[in-house]
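For reference, the structure discussed in these notes is given below.
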Amino acid sequence: MSDVASAAPDSGDDHSRGGLHEQTIARLNNRDAQSAAGFDAHPYSFARSHSAAELLAAHPGSDHPGGEAAPLESGQTWPGEQYALAGRVMSFRHMGGAAFADVQDQSGTVQVYFGKKVSEQFAATKNIDLGDIVGVSGTPFVTKTGQLTLEVHAWQPLVKSLHPLPSKFHGLQDDELRARRRYVDLMINPESRAVFQTRAAVVRHIRRFLDERDFMEVEGPTLQTVPGGTEAKPFRTHHNALDHEFSLRISLELYLKRLLVGGFERVYEIGRTYRNEGVDRTHNPEFTMLEAYFAYGDYSDMMRLVETLLHSLVVAVKGEPKLTYQGRELDFSLPFRRLDFVTALREAAKLDFDPLDLAKLRVWSDEHHPEHRKTPGYKLLDKLGGEYVEPLLQNPTFLTDMPLVISPLVKAHRSREGLAERADLYVAGFELAPIYSELNDALEQRARFEAQTQRRDAGDDEAHEQDEDFLLALEYGMPPSAGMGMGIDRLTMLLADRDSIRDVLLFPLLRPEAKQGGQSD
RNA sequence: GGGACGUUAGCUCAAUCGGUAGAGCAGCUGACUUUUAAUCAGCGGGUUGUAGAUUCAAGUUCUACACGUCCCA
């Protein structure tokens, strides 16, 4: 009996001693047994010589039976090669005088062998639990089945896992638990690890791509007096020392533009933004945006940059300019398709009038879409575009020359009345990246803000707020510039073939778990 | 905000018409010196999300709530 178990109150059932779960007690008992055998339960370090992948790579053909590589010769040994590995015990097969374990580190999984005659402290291996992290050292050999395996001569526990691993066969399936205990998801589900490795590769590629083109990475403030750059409801918070209400940023745009005024000609930021809106399969209240701006170009120049970026990204991650998303193959070959918004809407909705004629559009919409009767006229174009045009845009497509009324920060089109020099990139039916010729006429920008303010006064709480400090910056002169924004989360969904943003966020926002006996307001 | 569905052992899942809540893995005890979802024998483990209601009897029916998934707005 261990101290833990024997010291527990004698009042209840064995399995509830000390309020701990049966399986936790069993593991604490095993830890105590290892301590009794002379092991330190929490050593400070372990001198690892190699990763699992390095050991496997040193002797190729050493995959599991049934693998594609040619099997190694059974019985082969390399007594001169010493390896010290560390990792989590994912599987343990004990057979009296011999035992096999699968040890997983970040690079991969290696089978290790404990033998009664070759491994020190062999008896104590029975106190290793699934999920424990151990350090092992020894020499490689090839088993009867042709699998490269490390024969362990010395080993030590590095930390005990006090909870059992999820089913080794089924893994962790419950989507909520996977998100709440992401660490368990990561240790047990290799495909989940792969998603976040893909995400890191995406961000790394974007940074390298932009850095190579002389863009400078910057950081704007997340606490802002006037949250701007898009239409969204912000989170509000209070700064005590200044006794002032701030908002968390809803986009990166207006501060990057201030830097264009300041003379930085190519800037980008990859950063967290916050929108106080609903949570669903494609929305999380905090998410990561890329925004990039360069001076002396327009939206056509930016479209070329964006398609080059995405093409190179898909090639870098997938090895070819194609990917499969939710069963559909998407082709990122250059150049991406350009599709005129007005023409596309007119054809898709079979309109016999110019959709920019908002009065006619209103009449038509009220007849065909009574559910939009309360939608303001200026948002109707956007709504109808979403219904009729977006689903058609599977392969990467720039939807060009969007209505001016929904683009308060964009230059009016140089030749087409009522339109803006704005192109929205769509992939797989959703908007991935808006691209602008940025409005740099300070007086025009002021007038646009005032129109937004009127909408806000009329009850549209998503309308853009007026930002006097930003207007002052514009009055100093911002060079003609192009800008773009892109959701990193959605981009990762595409590349990792996931249909929920929750799957590509390590720690998505979840409703707090109800506490037992907790007070509710 | 509305609707549908779901919540059972640590994990993955069963439980027929309302009638003693089960299995596999994990755990414990034992056997086993090349296993790999190891195998074999035995043993524990449950306030069936929470709170009520109906009933002789509720995992199962009803109500509310919590959390989740999907669809709609």
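So you know, we letter chains A, B, ... as the sequences are listed, proteins then strands, and number each from 1.
- Spacing between B/rA9 and B/rG49 at atom C1', rounded to whole Å, works out to 15 Å.
- There is no side-chain donor-acceptor pair under 3.5 Å between A/Arg275 and A/Thr273.
- Atom CD1 of A/Ile501 and atom C1' of B/rC70 are 18 Å apart (whole Å).
- Proximity of A/Asn29 to the phosphate of B/rC28: no side-chain N or O atom is located under 4.0 Å from OP1 or OP2.
- When rounded to the nearest whole Å, the span between CZ of A/Phe169 and P of B/rC25 equals 12 Å.
- Put simply, CD1 on A/Ile128 is 16 Å from C1' on B/rG27, counting in whole angstrom units.
- One side chain, A/Ser407 or A/Arg422, offers a donor N or O that lies under 3.5 Å from an acceptor on the other.
- The CD atom of A/Gln76 sits 8.0 Å away from atom NE2 of A/His59, with the distance rounded to the nearest 0.5 Å.
- Sequence order on RNA chain B of the closest nucleotides to A/Leu509 and A/Arg281 puts A/Leu509 first from the 5' end.
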**OP:** For nucleotides 1-15 of chain B, just jot down a letter per nucleotide in 5' to 3' order: B, S or -, based on protein non-hydrogen atoms under 4.0 Å.
**Re:** ---------BBS---
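- Atom name C1', nucleotides B/rA37 and B/rG1: the rounded distance is 46 Å, in whole Å.
- Between the C1' atoms of B/rA26 and B/rC13, the separation comes to 14 Å (whole Å).
- Nucleotides B/rU8 and B/rG59, compared at atom P, are 15 Å apart to the nearest Å.
- Put simply, CZ on A/Arg511 is 12 Å from C1' on B/rC65, counting in whole angstrom units.
- Using cut-offs of 30° and 60° for the angle between ring planes, the A/Tyr274 and A/Phe235 rings count as perpendicular.
- For the pair A/Asn127 CG and B/rU29 C1', the computed distance is 14 Å after rounding to whole Å.
- Heavy-atom distances under 4.0 Å link RNA chain B to A/Ser91, A/Arg93 of residues 81-93 of chain A, given in residue order.
- The aromatic ring centres of A/His368 and A/Tyr388 sit 6.0 Å or more apart.
- Helical stems of RNA chain B (runs of at least 3 Watson-Crick or G-U pairs, donor-acceptor distances under 3.5 Å) are listed by first residue: B:1-7 with B:66-72, B:10-13 with B:22-25, B:27-31 with B:39-43, B:49-53 with B:61-65.
- The C1' atoms of B/rG30 and B/rA66 are separated by 45 Å, rounded to the nearest whole Å.
- Between the side chains of A/Thr343 and A/Asp340, at least one donor-acceptor pair of N or O atoms lies under 3.5 Å.
- Within 3.5 Å, no donor on the side chain of A/Gln147 pairs with an acceptor on the base of B/rU34, nor the reverse.
- Contact of A/Thr143 with B/rU35 (side chain to base): a donor-acceptor pair of N or O atoms is detected under 3.5 Å.
- For B/rC17, the glycosidic angle deviates from 0 by 90° or less, giving a syn base.
- If you check every strand for non-hydrogen atoms under 4.0 Å, A/Asp499 touches nothing.
- Rounded to an integer number of Å, the gap from NE2 of A/His94 to C1' of B/rU34 is 14 Å.
- The distance from atom CZ of A/Phe122 to atom P of B/rU35 is 15 Å, rounded to the nearest whole Å.
- Side-chain contact, A/Gln111 with A/Thr149: a donor N or O sits under 3.5 Å from an acceptor N or O.
- Looking at heavy-atom distances under 4.0 Å, A/Phe141 makes contact with a base.
- Side-chain contact between A/His372 and A/Glu387 is present, with at least one heavy-atom pair separated by less than 4.5 Å.
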**OP:** Would you please test A/Leu393 and A/Glu431 for side-chain contact (heavy atoms from CB on, under 4.5 Å) and show each step?
**Re:** CA-CA 9 Å; A/Leu393 309 179; A/Glu431 185 188 338; over 6 Å; no
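- Annotation: the span from A/Ser251 atom OG to A/Leu409 atom CG amounts to 8.0 Å, rounded to 0.5 Å.
- Atom-to-atom, NZ of A/Lys168 to P of B/rA37 comes out at 8 Å; the value is rounded to the nearest Å.
- Separating the OG1 atom in A/Thr237 from the CZ atom in A/Phe246 is a distance of 9.5 Å, to the nearest 0.5 Å.
- A pairwise comparison of heavy atoms in A/Arg502 and A/Arg182 identifies O-NH2, 2.9 Å as the closest pair.
- Just one residue in the list A/Phe114, A/Tyr113, A/Phe122 forms a ring-ring contact (aromatic ring centres under 6.0 Å, His included) with A/His94, and that residue is A/Phe122.
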